[in-house]
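So that the names make sense, note that chain A is the first sequence line, chain B the second, and so on, each numbered from 1.
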2 protein chains.
Amino acid sequence: MRLTTKGRYAVTAMLDLTIHCDDKPVSLADISQRQSISLSYLEQLFSRLRQSELVTSVRGPGGGYRLSRSSDSIYIAQVIDAVNESVDTTNCKGKGDCQGGEICLTHSLWDQLSQEIHSFLNAISLADLVARRDVKSIAQRQVEQLLILNESPQAGAC
Amino acid sequence: MRLTTKGRYAVTAMLDLTIHCDDKPVSLADISQRQSISLSYLEQLFSRLRQSELVTSVRGPGGGYRLSRSSDSIYIAQVIDAVNESVDTTNCKGKGDCQGGEICLTHSLWDQLSQEIHSFLNAISLADLVARRDVKSIAQRQVEQLLILNESPQAGAC
DNA sequence: ACTTACTTGACTAAAATAGTCGGGTATTGG
DNA sequence: CCAATACCCGACTATTTTAGTCAAGTAAGT
């Protein structure tokens, strides 16, 4: 099982994309500023997200990324899977050959835990997260901080 | 969040201890053979398990380890915590200072997931695992394999 | 005494994480 | 056309963690 900054960044970036998407695609530079994630690292993550067909890209000036489908049909588990191999907690990737070809003593426990985590993350969509009150207020704070930082009022398109 | 071989080994070893404990303490050498875990590595893990007061040790010949209390009052979450810092999935360890002192966009999600995993692992005791049918049959297989392995050396040795 | 078995700490190879860097390529507004 | 924008891609790297090994103890039973 791996659940580290990589997966967290991916979900955070996808959520940012969901919040700040109206008609124009969202550039990685914007996400980088709002979410304090390095631009180069974001590029790496979005390469995987695009390969998994969770986002589509638009090149050139004014370009950026869009969700490839509605935010209520993109689930957190899919985002994590895209960048973070899996949420499997078994050693044998569910195959049951954990102890020299045979199943190990605790295999069923880890198998059960993996299913538990997967169903939890697969039941929450990006749309669900956007609807949360705390997410809304944090997103607003981030936009305001960015405006102060940039000083020049950048025509709040959203 | 970390859930790797270290935590799995710890739970497996504790389960082995639960199964093979009658009156005499269980030596790490026995666990090492049955569960195919390196003896030196087990020593490292049991050092942590002892510090967390999950096991007690008996030194000298015939010595080994015992559960410090009944197997129905030792929970999987405690074993993992003992060797594997925590099952927390947030970046800020629940503090909420994930984005430069402020809370990050996805904090509540990871916080919720952490609680989910913790309650799952905290609801299963070693006694619960021992009672499982698959665990019983795997344990029996391991004992039989060990008997075969230990009886053979008389043939070609010396 | 001798052996067994726990105890401790230092050390290490390999892998993963969390990035950086430098060059591409497509697109578009002027 | 052209230069700026922003995605695209692969190689590189420092740091941390994992999954151990090794050596030198200490305590206790026969």
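- Among C/dT20, D/dG25, D/dC9, the nucleotide with an atom closest to any side-chain atom of A/Glu43 is D/dC9.
- No engagement by A/Phe46 is indicated, since no non-hydrogen atom pair under 4.0 Å with the nucleic acid exists.
- Set against C/dT7, D/dG29, D/dT5, the side chain of A/Pro61 has D/dT5 as its closest nucleotide.
- Cluster membership for A/Val58 and A/Leu17, using ILVMFWY side-chain heavy atoms within less than 4.5 angstrom, is not shared.
- C/dA16 atom P lies 17 Å from atom CG of A/Leu45, rounded to whole Å.
- The CG-C1' distance, from B/Leu49 to C/dT7, rounds to 14 Å in whole Å.
- Here B/Ser57 lies in heavy-atom contact (under 4.0 Å) with sugar-phosphate atoms only.
- Distances were taken from every side-chain heavy atom of B/Gln44 (C-beta onward) to each of D/dA19, D/dT21, C/dG19; the shortest belongs to D/dT21.
- You'll find that the side chain of B/Lys6 is closest to D/dA19, out of D/dA19, C/dG19, C/dT7.
- Counting distance only, with no hydrogens placed and no angle test, the side-chain atoms of B/Arg59 and the base atoms of C/dT7 include no donor-acceptor pair under 3.5 Å.
- Note on B/Arg48: every side-chain N or O is 4.0 Å or more away from OP1 and OP2 of C/dT7.
- Rounded to whole Å, the distance from CZ on B/Arg66 to P on C/dC6 is 12 Å.
- Judged by distance alone, with hydrogens and angles left aside, the side-chain atoms of A/Thr56 form no donor-acceptor pair with the main-chain N or O of A/Ser68 at under 3.5 Å.
- A 4.5 Å side-chain heavy-atom check between A/Glu102 and A/Asp97 finds every atom pair outside the cut-off.
- Closest to the side chain of B/Ser38, out of D/dT21, D/dC8, C/dT7, is D/dT21.
- Using a 4.0 Å heavy-atom cutoff across all strands shown, A/Ser27 reaches sugar-phosphate atoms only and no base atom.
- Of the candidate nucleotides C/dT20, D/dA19, D/dG25, D/dA19 has the atom nearest to the side chain of B/Thr5.
- When each of B/Val58 and A/Leu39 is assigned the nucleotide of DNA chain C bearing its nearest heavy atom, the one mapping closer to the 5' terminus is B/Val58.
- The distance from atom OH of A/Tyr9 to atom C1' of C/dT17 is 11 Å, rounded to the nearest whole Å.
- Rounding to whole angstrom units, CG of residue B/Leu42 and P of D/dT18 are separated by 17 Å.
- Looking only at side-chain heavy atoms (C-beta outward), A/Arg69 and A/Glu53 stay at 4.5 Å or farther from each other.
- Of the candidates C/dG19, D/dG20, D/dC9, C/dG19 carries the atom nearest the A/Tyr41 side chain, counting heavy atoms from C-beta on.
- Relative orientation of the A/Tyr65 and A/Phe46 rings is tilted, given thresholds of 30° and 60° on the angle between their planes.
- Between the NZ atom of A/Lys24 and the C1' atom of C/dT28 there is a distance of 13 Å, given to the nearest Å.
- In terms of position along DNA chain D, the nucleotide closest to A/Gly63 lies nearer the 5' end than the nucleotide closest to the other residue of the pair A/Ser40 and A/Gly63.
- Counting to the nearest Å, the C1' atom of D/dC7 and the CG atom of A/Leu17 are 14 Å from each other.
- Checking A/Arg132 against B/Ser108 by side-chain atom types alone, a donor-acceptor pair falls below 3.5 Å.
- Side-chain N/O atoms of A/Thr4 include one lying less than 4.0 angstrom from OP1 or OP2 on C/dA18.
- Summarising the geometry, the separation between CD1 on B/Ile37 and C1' on D/dA19 is reported as 12 Å, rounded to the nearest angstrom.
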